[in-house]
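Keep in mind the model is a prediction, meaning the values are calculated, not measured. Below, chain A is the first sequence line, B the second, and so on; all start at residue 1.
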Amino acid sequence: MVKIELPDGNMLEVSKNSTILSIAQQIGPRLAEAAVAAKIDGNLVDLFYEVTKNSKLEILTNKSEEALDILNHSAAHIMAGAVVDLFPDARPTIGPSIEPVGFYYDFYVKKPFTQEDLEQIQKRVDEVIQENSEFKREELSLKDAINYYQTEDKNKFKVEILEETEVDEVSFYSHGKGAFKDLCRGPHIPSTGRIKGIKILNASSAFWRGDAQRESLQRVYGVAFFNPKQLRKHLHMLEEAKKRDHRILGSQLDLFGTADEWGPGMPLIYPKGTIILEILKAFWIKEHRKAGYEIVQTPHIFKELVWQTSGHIEYFLENMFPVDLKGEKWFIKPMNCPGHMMIYNRKAYSYRELPVRLGEMGTVYRYELSGALHGLFRVLSITQDDAHIFMLPDQLEDEIVRVIEMVDHFYKAFGFEEWEYFVSTKPEKAIGDDAGWDHATDALMKALERVDIKYKVKEGDGAFYGPKIDVDVKDAIGRRWQLATIQVDFNLPDRFDINYLGEDGQKHRPFVIHRVIYGCMERFLAIIVENYAGKMPIWLSPVQTVVIPITDSHAEYAKKVADELVEAGIRAEADFSGERMEYKIRHATMQKVPYIINVGDKEIEAETIAVRNVRSKDNKVEFGVKIPDFIDKVLQQNKNYE
RNA sequence: GCCUCGGUAACUCAGAGGUAGAGUGAUUGACUUGUAAUCAAUUAGCCGGGGGUUCAAAUCCCCCCCGAGGCUCCA
């Protein structure tokens, strides 16, 4: 007999070599039914794992955090089996589950998969799930495993994986009638039928080991769930994401676009998009002045000497746009930092004046590989809501806390509900010595800990000039976006010889942090468009109301109403086109204008307006609204960021 | 940059060797309407660019540009 400790602290005696499944049955039949895999002393194992010694046991059910991951990984195996059934020449390489949900499998194939191929794969996968066959595990010595992939199942990719492992024994999993078995650590779901909803989504290409010099593989994506309802919900989310695509909404709502042939990655912000940007900027300037920032402006282009001094020539050259002027080299700025260093250096700051906070909405240009571009999410012309804070070393924690508080304030104003913090450490290509990096990284972590913020560490993900805190924001449909970043820069201060005069009358080096909150204006604009699905809140709507006369005879009154609203500071328009009123209402609704005002004989008579609130659930029309009341309401909403 | 798929009217797309098409939009006219599309007419194009094959190319071949989904990268 062996003793099993359960998560609630209860002890259970079972006979030696009992499977997890039988233990689960012993605890309760419902648990056995819901069980997916288990953790023995913290290690993930299958349900048919046999317990040989006293252990701590946690049974993972389909409600557990790891369960969906295990399900999707198992789905990847099932798909690989299906692909090998249908295309015997295909060589499976790797097939993990992915965040936040889903899986892929990379195959080495002669011909890329077509849409029809994917449908075949889906059909075969559905059959295998119907068969509800068990997952089986087998152990092989490393030598036998390599031999298997060299002689029987000729797969050089698996051989390469095996040759890099340092264990003596590896495990294989198989399922169903076919001969397909796959090298895998496990664990897996007990049987294929546990998948109740699976969809093969799309195929694209990827390189073996992400290396462009190596073989090009076909990557097939899919997603799997424990019940069909979750799958439907997920597919709905994907549909929803497509509908929210800022590239489509941007042109439908006449906000922004690109002239790809004239300059890929160079966004054109149209008048209505610019209104939104202006509001974002006004909000930003107001909040920053309140928080003690001074706003500055620096040029877009500087001589090579600046970039030699800053280290960009050495570390960032491949991303910079060069300008050759009669043999003299200039570069368009890829970052705002040097200009801010120069502004700081215009005078000798005393320790009493620190911290000095310099902010700028600065447009920088960074050359990226063409394949990296994506709507407004990834552009070459980037307007950063940049600021540099120069401070005494012991002010660092306070300043970071202040930035974090501002980050929270901003994201709340834009209706986000959840965001996550990450600390990134030293990358391979970096300036500065290890001691400096350690010191700065430590300071970031301490600041976060001081304000009780939980964070994750991204090893080696820092900028070349310092460690950083990144903030990922979760949008309305659960996607994550990296927005704010707070970076310690302990290199530019040296390079630009940044000083302050201390109490001792001597020069000292201040700490400098570089930070953005929106991230960059282009991307932030795109994110809020997608987050709100184009239905901007009142305060951000480029057009807040359209006044529609019922017939031409009401045009004069409509004009008067619109003028009055504009005069009061509301973004109002009037629609005098030759269409019918119903058409104009539909048009304004599709343009996602929040308030649609109609005026006719009744309104003229009573000096009122009829207001349709497009944001309300039932799209209701309120008759007999007094114009001053409407003005007050909208101005109030502007003020409250509603 | 690499892989796969694309680029036809302002927009969305059909046409796959033989006269360049539809819907939406825009323009004009009629209608004067009480809450999500009134009717009619007009307008539409170096079929991404260059070269080649052919009696004939939007269509087949080659090169280039641009986009989408990935790889990589990142604010």
Side-chain angles (χ1 to χ4, degrees), chain A residues 104 106 109 111-115 201-221 242 245 247-248 251-252 254 257-265 318-319 334-336 362-364 366-386 424 427 461 463 468 470-471 481-485 487 514-524 526-527 548-555 577-591 596-603 610-612 614 619-623:
Chain A
Y104 69 80
D106 284 348
V109 282
K111 267 197 316 196
F113 296 115
T114 62
Q115 197 53 45
L201 294 170
N202 58 313
S204 70
S205 74
F207 296 108
W208 170 237
R209 306 245 138 142
D211 183 347
Q213 307 303 315
R214 308 280 318 256
E215 293 83 349
S216 182
L217 308 173
Q218 283 295 305
R219 175 168 297 182
V220 183
Y221 286 90
K242 251 189 230 167
D245 191 323
R247 292 165 300 183
I248 295 166
S251 84
Q252 276 172 1
D254 202 26
T258 48
D260 298 317
E261 293 189 21
W262 298 99
E318 57 196 34
N319 291 305
M335 293 181 193
N336 296 304
T363 303
V364 301
R366 296 184 191 172
Y367 178 74
E368 300 274 357
L369 296 174
S370 66
L373 302 176
H374 180 97
L376 289 199
F377 284 157
R378 288 284 287 171
V379 291
L380 304 185
S381 137
I382 307 164
T383 306
Q384 294 184 312
D385 60 311
D386 218 343
S424 298
D461 209 37
K468 60 177 182 175
D470 286 328
V471 189
W481 304 103
Q482 194 207 307
L483 297 182
T485 160
Q487 309 180 339
H514 158 112
R515 37 108 298 175
V516 292
I517 292 180
Y518 289 131
C520 84
M521 304 313 291
E522 293 80 6
R523 188 194 341 209
F524 193 78
I527 289 170
I548 298 174
I550 288 169
T551 73
D552 288 351
S553 64
H554 310 117
S577 65
E579 297 293 340
R580 296 166 41 127
M581 175 194 71
E582 286 86 349
Y583 180 90
K584 294 179 187 178
I585 291 171
R586 178 182 154 81
H587 182 73
T589 306
M590 304 236 294
Q591 284 294 305
I596 298 174
I597 293 174
N598 267 233
V599 291
D601 290 336
K602 281 186 235 163
E603 284 73 25
V611 181
R612 169 190 282 255
V614 179
N619 212 347
K620 218 179 155 178
V621 181
E622 198 183 337
F623 291 93

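For B:rU43, the paired base is B:rG25 (Watson-Crick or G-U wobble, both distances below 3.5 Å). In this entry B:rC5 has B:rG67 as its Watson-Crick or G-U wobble partner, both defining distances falling under 3.5 Å. Pair check for B:rA37 finds none; no Watson-Crick or G-U wobble contact set falls under 3.5 Å. The partner of B:rU59 cannot be assigned: no Watson-Crick or G-U wobble pair with both contacts below 3.5 Å exists in any strand. The pairing partner recorded for B:rA16 is none, the criterion being a Watson-Crick or G-U wobble arrangement whose two distances lie under 3.5 angstrom. Judged by Watson-Crick or G-U wobble contacts below 3.5 Å, the nucleotide B:rC31 has no partner.
Under the 3.5 Å distance criterion, the side-chain polar atoms of A:R366 are matched with a main-chain donor or acceptor of A:P334. Judged by distance alone, the side chain of A:E522 and the main-chain N or O of A:T383 form a donor-acceptor pair under 3.5 Å.
Using a 4.0 Å heavy-atom cutoff across all strands shown, A:K468 reaches sugar-phosphate atoms only and no base atom. Within the nucleic acid shown, A:Q482 comes within 4.0 Å of sugar-phosphate atoms alone, with no base atom in reach, counting heavy atoms only. Across all strands, A:A588 comes closer than 4.0 Å to no nucleic acid atom at all (heavy-atom distances). Using a 4.0 Å heavy-atom criterion, one finds that A:N319 contacts no nucleic acid atom at all. Residue A:V364 is out of contact with every strand shown, counting any heavy-atom pair closer than 4.0 Å. Residue A:R247 is classed as a sugar-phosphate contact, given heavy-atom separations below 4.0 Å to backbone atoms only. Heavy atoms of A:K602 sit under 4.0 angstrom from at least one base atom. Here A:Y518 lies out of heavy-atom contact (under 4.0 Å) with every strand. At the heavy-atom level, A:D470 lies nowhere under 4.0 Å from the strands shown.
Nucleotide B:rC3 holds its P atom 20 Å from the OH atom of A:Y104, rounded to whole Å. Rounded to a whole Å, the CD atom of A:Q591 is 16 Å from the P atom of B:rA37. The interatomic distance linking A:F377 (CZ) with B:rG67 (P) rounds to 17 Å, in whole Å. Taking atom CG of A:L380 as the reference point, atom P of B:rG67 lies 9 Å away to the nearest angstrom. Across the protein-nucleic acid pair, A:F207 atom CZ and B:rU72 atom C1' stand 8 Å apart, rounded to whole Å. Following rounding to the nearest Å, A:N598 (CG) and B:rU33 (P) show an atom-to-atom distance of 15 Å. One can place CZ of A:R586 at 9 Å from P of B:rU38, the figure rounded to the nearest angstrom. Atom C1' of nucleotide B:rU4 and atom OH of A:Y221 are separated by 13 Å, given to the nearest angstrom.
For A:E582, whose side chain is taken as the heavy atoms from C-beta onward, the closest listed nucleotide among B:rC74, B:rU32, B:rU35 is B:rU35. Counting only heavy atoms from C-beta on, A:R523 has its side chain closest to B:rA75 among B:rU35, B:rC2, B:rA75. Between B:rA75, B:rU33, B:rG70, one nucleotide has an atom nearer to the side chain of A:A206 than all others, and that is B:rG70. With B:rU4, B:rU35, B:rG34 as the choices, the nucleotide that has an atom nearest any side-chain atom of A:I585 turns out to be B:rU35.
For B:rA37, the base has no donor-acceptor partner in the side chain of A:R580 [N/O atoms by modelled type, under 3.5 angstrom]. Residue-to-nucleotide contacts include no donor-acceptor pair under 3.5 Å from the side chain of A:R366 to the base of B:rC74. Donor-acceptor pairing under 3.5 Å, judged by distance alone, is absent between the side chain of A:E318 and the base of B:rG1.
The P atoms of B:rC39 and B:rU24 are separated by 10 Å, rounded to the nearest whole Å. Nucleotides B:rC31 and B:rA40 are separated by 16 Å at their P atoms, to the nearest Å. Using C1' as the reference atom, B:rA57 and B:rG52 are 11 Å apart when rounded to the nearest Å. B:rA14 and B:rG21: their C1' atoms are spaced 7 Å apart (whole Å). The C1' atoms of B:rG48 and B:rG7 are separated by 6 Å, rounded to the nearest whole Å. Here, B:rG45 and B:rC11 have their P atoms 13 Å apart, quoted to the whole Å. Rounded to the nearest Å, the gap between the C1' atom of B:rC65 and that of B:rU53 is 23 Å. Between the P atoms of B:rA58 and B:rU8, the separation comes to 15 Å (whole Å).
Contact check, A:R515 against B:rA75: no side-chain N or O comes under 4.0 Å of OP1 or OP2. Listed pair A:H374 / B:rG69 meets the phosphate criterion, a side-chain N or O lying under 4.0 Å from OP1 or OP2. Checking the phosphate oxygens (OP1, OP2) of B:rU32, no side-chain nitrogen or oxygen of A:Y583 falls inside 4.0 Å.
Counting heavy atoms from C-beta outward, A:L217 and A:R219 have side chains that stay 4.5 Å or more apart.
Of all the heavy atoms in A:Y367 and A:E318, the pair that sits closest is CD2-O, 3.8 Å. Residues A:Q384 and A:N336 share a closest heavy-atom pair of OE1-ND2, 3.5 Å. Closest of all the heavy-atom pairs between A:K584 and A:E579 is CE-O, 3.4 Å. Shown here for A:V379 and A:G265, the closest heavy-atom pair between the two residues is CB-O, 3.3 Å. Contact between A:I527 and A:F377 at its shortest, heavy atoms only, is CG1-CE2, 3.7 Å.
Mapping A:V614 and A:Y367 onto RNA chain B by nearest heavy atom places A:Y367 at the nucleotide closer to the 5' end. Where A:R219 and A:T485 each meet RNA chain B at their nearest nucleotide, the meeting point lying more 5' is that of A:R219.
In this structure, A:E582 CD and A:I550 CD1 are separated by 9.0 Å, a value rounded to the nearest 0.5 Å.
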